[in-house]
Amino acid sequence: MKNTQATIYQTNHRINWFQKFLLICSGGNIHILRKTPSEWNKFAGIGGIVLFTAVFATLSAAYAMFTIFDDIWASIGFGILWGLMIFNLDRYIVSSIKKTGSWWNQILMSIPRLILATFLGIIISKPLELKIFEKEVNKQLNTIIQRNKKDLQTQMSGRILQQSGPFETEKKQISDKIAQYQKSYDSAAVELEKEILGKQSNLTSGKVGFGSNAKRKQELKEQRRQDLENYQKQVATRLEYLDKEISKVYTNLETERKSTETFEDKFNGFAARLQALDELGKNSAIIATAAAFIMGLFITLEISPVLIKLISSVGPYDYLLEKTENDFRLYSKEKIEKGNALTDFRIDDFKDQLKN
């Protein structure tokens, strides 16, 4: 029996390069897996899931970076780096789950890993959702841009009224004053004409010709004309200043509006696309459902290695792994005990020498 156990433990089976690669991806101990061929399919399946998750993570990160930097080589480089990080993290998550202890202990140990895997699945799925719904997202982005421009125009109109309001108010007051002088002048001119033509009214004599009343009305008309011209000359400089200030407000805000609209036209980054996808989901139940299924697919893909390790029965690999780890524990414990015993012996010997 002892020889049989030694033979089982020491037997190494040949693994082809592809199987070996998948076994390495699974995070399993390759030296122990060589002795347990019945576990190869399970670990190769786990390794394949980890590998394809890393591939999807690479594509996802590359697309996300391309929307930010608009540089294909930088996007590829960052995508590969991100994929390798996800690959290493997934391998660690899977390899850290051991089929030892009670069932509840295994579940409690798996919960943080499942949460982390779910979070990674969401992160990986979002950029790929943006790529899948790219045409719809671009259309919604245009809608958002036009809406932002409309809001910008409304804000600009409010700011124009706010900044030019005092100048416009003063200009209106001056214009009203000029209109009053003009009205007075026009009234005097009408009364003069009625007096010369002999039209009877409360303010005219009714005599035809340029008499004494007409002369007085001529002087009144001239006085009002001079008042009008004097006031116009008086406020001309002020009106010119007000017009310049109002024009300056319009020019500055128009320049700002054009600059902001140029910026709005470039509103197509990663965050903007996420906003467009969110609005699409709110406006269309079909897109919302499809996006939810895509996210669910990647979450399932990400947590499946953990679930496989959790629900699978204890196999030869787990027994050998436990034995290997136990051998190291025993070896470490033995070395510690021996070291403590030797230290105690040397201390006692030193004390005896002091007494003698």
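Worth knowing before you read on, the calculation uses all heavy atoms, side chains too, and leaves out hydrogens, waters and symmetry mates.
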Candidate pair L307 and L114, rule side-chain contact (heavy atoms from CB on, under 4.5 Å), full reasoning: CA-CA 8 Å; L307 293 178; L114 289 172; 4.0 Å; yes
Heavy-atom closest pair, residues [X] and [Y]:
| X | Y | answer |
| --- | --- | --- |
| C25 | G47 | CB-O, 3.5 Å |
| P112 | L108 | CD-O, 3.2 Å |
| A290 | F133 | CB-CZ, 3.6 Å |

Applying side-chain contact (heavy atoms from CB on, under 4.5 Å) to F298 and E302, what does each step give before you reach the verdict? CA-CA 6 Å; F298 282 98; E302 186 68 35; over 6 Å; no
Hphob cluster co-occupancy, [X] + [Y], side-chain heavy atoms under 4.5 angstrom:
| X | Y | result |
| --- | --- | --- |
| I32 | W40 | yes |
| F56 | M85 | yes |
| F119 | I294 | yes |
| L84 | W73 | yes |
| I178 | Y185 | no |

Euclidean distance, [Y] [atom2] relative to [X] [atom1], rounded to 0.5 Å:
| X | Y | atom1 | atom2 | result |
| --- | --- | --- | --- | --- |
| D318 | K323 | CG | NZ | 15.0 Å |
| I86 | I124 | CD1 | CD1 | 5.0 Å |
| Q146 | L141 | CD | CG | 11.5 Å |
| M65 | I76 | CE | CD1 | 13.5 Å |
| D90 | S95 | CG | OG | 10.5 Å |
| L280 | I287 | CG | CD1 | 4.5 Å |

Decide yes or no for [X] and [Y]: does some side-chain heavy atom of the first lie under 4.5 Å from some side-chain heavy atom of the second?
| X | Y | result |
| --- | --- | --- |
| K150 | R147 | no |
| L22 | F43 | no |
| T58 | W82 | no |
| K177 | V235 | no |

No-hydrogen, no-angle side-chain donor-acceptor test under 3.5 Å, [X] and [Y]:
| X | Y | result |
| --- | --- | --- |
| R113 | S96 | yes |
| Q223 | D227 | yes |
| E279 | N283 | no |
| Q275 | D278 | no |

Please walk me through it: do R34 and K20 pass side-chain contact (heavy atoms from CB on, under 4.5 Å)? CA-CA 9 Å; R34 288 182 182 277; K20 183 177 180 180; 3.6 Å; yes
side-chain contact (heavy atoms from CB on, under 4.5 Å) between Y63 and E134, worked out: CA-CA 11 Å; Y63 176 73; E134 185 174 20; 4.1 Å; yes
Salt bridge present between [X] and [Y] (N-O < 4.0 angstrom):
| X | Y | value |
| --- | --- | --- |
| K233 | E229 | no |
| R224 | D186 | no |
| E337 | K333 | no |
| K139 | E136 | no |

